[in-house]
Protein chains: 2
Amino acid sequence: MQKAAIEKNNEAIAAQLAPVGRETVQDRVYSELRRALIGGLFEPSQVLTIRGLADALVTSTMPVREALGRLITEKALEALPNRSVRVPPITLERLDDLLRARILIEGEAIALAAARMGPRQIATIETILGEWDEMRALKHKKDVDREVTLNQSFHFEIYRSCGSAVLIPMIESLWLQSGPCIRVAIYAFSEAGEVDTAQYHRRIVTALSTQDAQAARESLVADISRPFTFLRSKLQAAAAKDQT
Amino acid sequence: MQKAAIEKNNEAIAAQLAPVGRETVQDRVYSELRRALIGGLFEPSQVLTIRGLADALVTSTMPVREALGRLITEKALEALPNRSVRVPPITLERLDDLLRARILIEGEAIALAAARMGPRQIATIETILGEWDEMRALKHKKDVDREVTLNQSFHFEIYRSCGSAVLIPMIESLWLQSGPCIRVAIYAFSEAGEVDTAQYHRRIVTALSTQDAQAARESLVADISRPFTFLRSKLQAAAAKDQT
DNA sequence: TCAAAGCAAGTGTGATCACAAATCATAATC
DNA sequence: GATTATGATTTGTGATCACACTTGCTTTGA
């Protein structure tokens, strides 16, 4: 009866081998499109074609159409009556609508997270803050992509701590929807004054490390409101100019 | 120059003809599955196969797999590592998580709606309430399906008035996720005591017609919490029994 | 000269097929 | 007799094809 011995051996092997995983092509396409959307690589109102994307991603149309369908249901893309799909255009109403929803849900998430984040999690987000400073130190080239990625890591590291399997996908959906807008704002920030985003994040970290849920929520609201109000005034100015 | 005359004739025709619309098979499959999910026609933990559903819906696999993919992204279904898909099982944590999210988001939606609902909208939900009473009057047969449908119409008529294109899809997603659970609760209600759901709805209508956002939110919370807390205690009892 | 008809290229949708992985039942082995 | 192999069936995934609709351009007619 070597059963126990065999079992033990298997466990030893299992401990050394990493699970290989089995990501489908569709999953990769979906992730890639998500990344592009959140990063703002597509412009608002830009139309996307299945075959065009399939060529760009070097696959067939099959995985692309399923990924597009999924993105449409989470409102990251929009299905036109012509059956073509585009990234949703920016309007003032939509901007306000998105911001309100993000304040509501991300605010709740960070309030929950404030009570649950241990020193381990705090350290992680402080590391991200450190990378941010590092990037800022050598400011010869403006790496907007990296800026977007770090911002995303910072926020989602916090949201992950809220412990809600329901809220997190909703927040992802909201980021997907606001991604194309935000990129525009970040570019504009980089050109105009460039208030330091890190200072907002630092206030969030301070609030979280003292488990002050209310302060954390308020700091977060200030952080995410900034690009929206900025974009809002820019849009209004553009609308006023069109009027004349 | 008959141009104006022709134009006029075309308009006359357009006024009489209804737009035919062009719903795809995939859309119909998706709607049908949504209906089934919200109505609780599938049991939690039930696994669904593409070919099985395609046979049941009398189409090919193509529209079904795309509809399933969409439902998976909105967490209405769950993709297992085996690549099979099932309706998510009920757990205590998930129940609490869903209720918290629903209170947060639907509460916000009804508060927004309170300020925006006119006499027209109030009349509509009162009509739905009337149909409910009518159904209750002839209580010889318990029509759970109709009960579910009326409840859905009542709530979404309100949510539609909140004017947020972002919040409403989120609420739909939440209903999709809690549908399979709620059905269990409604069945249990029908057997056990059967407190009148309509009285909760009436309190909501009263609050809305006086534009009292706070009262509306509280009444709504009471309404949607009921099946959840009921189910919660039932689950805990079952867990306790399993322990022994 | 300009608008409408006609044609051609492009695009989304659904069906079918090929293949790989999973599942289940049966058979073989210790 | 319990466990492991082996085989058949089922299932999801991706590719390809056929068809219908849209779109943009050219051509035709007044």
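None of these values were measured; they are calculated from a predicted model. A note on names: the letters A, B, ... follow the listed sequences, proteins ahead of strands, and every chain is numbered from 1.
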Worksheet item: Do you know which of B/Q177, B/E74, B/R34 makes side-chain contact (heavy atoms from CB on, under 4.5 Å) with B/E172?
Response: B/R34
Worksheet item: How many Å lie between CZ on A/R86 and C1' on C/dT11, as a whole number?
Response: 17 Å
Discussion item. On the side chain of A/R51, is there an atom forming a donor-acceptor pair with the base of C/dG10 - under 3.5 Å, no angle test?
Written reply: no
Discussion item. Please check: side-chain N/O of A/Q121 versus main-chain N/O of A/G118, any donor-acceptor pairing under 3.5 Å?
Written reply: yes
Discussion item. Under the criterion side chain to side chain donor-acceptor pair (under 3.5 Å), I'd like the reasoning laid out for A/R70 against A/Q26: C-alpha separation, chi angles, the key distance, then a yes or no.
Written reply: CA-CA 10 Å; A/R70 292 169 67 178; A/Q26 181 191 149; 3.3 Å; yes
Fill in: Whole-Å gap separating C1' (D/dG14) and CZ (A/R28)
12 Å
Fill in: Whole-Å distance separating the CD1 atom of B/I50 from the C1' atom of D/dT13
8 Å
Show me the protein contacts with nucleotides 21-24 of chain C, counting only N or O atoms at under 3.5 Å.
{"residue": "C/dA21", "atom": "O3'", "partner": "A/R22", "partner atom": "NH1", "Å": "3.4"}
{"residue": "C/dA22", "atom": "OP1", "partner": "A/R22", "partner atom": "NH2", "Å": "3.4"}
{"residue": "C/dT23", "atom": "OP1", "partner": "B/N82", "partner atom": "ND2", "Å": "3.1"}

Fill in: Residues touching DNA chain C, which here means a heavy atom under 4.0 Å, drawn from residues 54-75 of chain A
A/R65
Item to complete: Kindly point out which of D/dT11, C/dG12, C/dT13 is positioned nearest to the side chain of B/T24?
Response: C/dT13
Worksheet entry | Spacing of B/Y30 atom OH relative to C/dT13 atom P, expressed in whole Å | 15 Å
Discussion item. Does the Lys NZ or Arg CZ of A/R146 fall within the cation-pi geometry relative to A/W132 - under 6.0 Å from the ring centre and within 45° of the axis?
Written reply: no
Item to complete: Might you work through the side chain to side chain contact (heavy atoms under 4.5 Å, CB included) test for B/E66 and B/V29, ending with a clear yes or no?
Response: CA-CA 9 Å; B/E66 308 206 333; B/V29 171; over 6 Å; no
Worksheet item: Between A/I128 and A/L150, what is the shortest heavy-atom contact and its length?
Response: CG2-O, 3.8 Å
Discussion item. My understanding is that only residues two or more places apart in sequence, or in another chain, count here; which of them pass salt bridge (charged side-chain N to carboxylate O under 4.0 Å, His left out) with A/R83?
Written reply: none
Worksheet item: What's the verdict on side chain to side chain contact (heavy atoms under 4.5 Å, CB included) for B/V166 and A/R102, showing C-alpha distance, side-chain angles and the deciding distance?
Response: CA-CA 10 Å; B/V166 171; A/R102 288 191 55 179; over 6 Å; no
